[in-house]
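Below is one structure, written out as structure tokens, with a few remarks after it.
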Amino acid sequence: LAYYPDPVDIPSSISPDVYGLVGRDYAVNAAGSHYLNNIGATQLAFDYLGALGAVIGKVVGAEVSVPVRFSDGSIGKLDISGIDQNGKITFRLSSATIDKNGNHVPTTKEDVSGEYIFNEPNGNSIRDFMSAIDRLGIHVTTSPASNIGGNIGSGVCSYRGNTMTCVFK
């Protein structure tokens, strides 16, 4: 079971983009709480059923995902993972999330693979990506190193071995 309602806009105070959720359970749950506070009663009831299904889902394979939109234009998916001891729905960042550049957003160290391409003039996405994978425990090297503090623009990041290398254009 999967359901995708209309995305709810996540304020930049929670996270300006989907990378702000990677490796930060508190941010994922803050985005999820914002989602729950901005949907209708019918959708909320469906989400609670989905949460119950997620708890039981370990047996029946139920999964419910909800889309959230960020101020940079990226749209992430939050999987409803269950209900906590206080009766609140809990979330996790979906492994099916794609960033605004079309890159797969890794949610665990094991999800990081291949090449990531960033095409934007200000370099915010590539910086946020590097911070996110660093939170997952992956070492990042940059080339040329002098660009990291300035206007890095677009670039390509490749994962080989245990190191992510980002080359700026």
Beyond-backbone contact of I98 with V105, side-chain heavy atoms, under 4.5 angstrom = no

Does K100 have any salt bridge (charged side-chain N to carboxylate O under 4.0 Å, His left out) partners at least two apart in sequence or in another chain, and if so, which?
-> E120

Kindly compute the distance separating OG1 (T107) from CZ (R92), expressed to the nearest 0.5 Å.
-> 9.0 Å

Would you say C157 and I126 make side-chain contact, with heavy atoms under 4.5 Å?
-> yes

Which value, rounded to the nearest 0.5 Å, describes the distance between H34 atom NE2 and S13 atom OG?
-> 8.0 Å

Any sub-3.5 Å donor-acceptor pair from N29's side-chain atoms to Y26's backbone N or O?
-> no

Partners meeting side-chain hydrogen bond (donor to acceptor under 3.5 Å, both in side chains) with T97 (sequence neighbours left out) | none

Can you name the nearest heavy-atom pair linking N103 to Y116, along with the distance?
-> OD1-CA, 3.4 Å

Using atom types as modelled and distance alone, determine if a side-chain donor or acceptor of S12 lies under 3.5 Å from a backbone N or O of S15.
-> no

From R135 atom CZ to L21 atom CG, the distance as rounded to the nearest 0.5 Å = 8.5 Å

From Y19 OH over to S74 OG, what is the distance, rounded to the nearest 0.5 angstrom?
-> 8.5 Å

Starting at CG of D72, measure out to CD1 of I10 and round the result to the nearest 0.5 Å.
-> 12.0 Å

Give the ring-plane orientation class for F91 versus Y35, where under 30° counts as parallel, over 60° as perpendicular and anything between as tilted.
-> perpendicular

Taken to the nearest 0.5 Å, the spacing of H139 NE2 from I133 CD1 works out to 10.0 Å

Who passes side-chain hydrogen bond (donor to acceptor under 3.5 Å, both in side chains) against D9, sequence neighbours left out?
-> R69

Picking from L136, D128, V28, D134, what satisfies side chain to side chain contact (heavy atoms under 4.5 Å, CB included) with V22?
-> L136

Does the side chain of L36 reach to within under 4.5 Å of the side chain of N38, using non-hydrogen atoms?
-> no

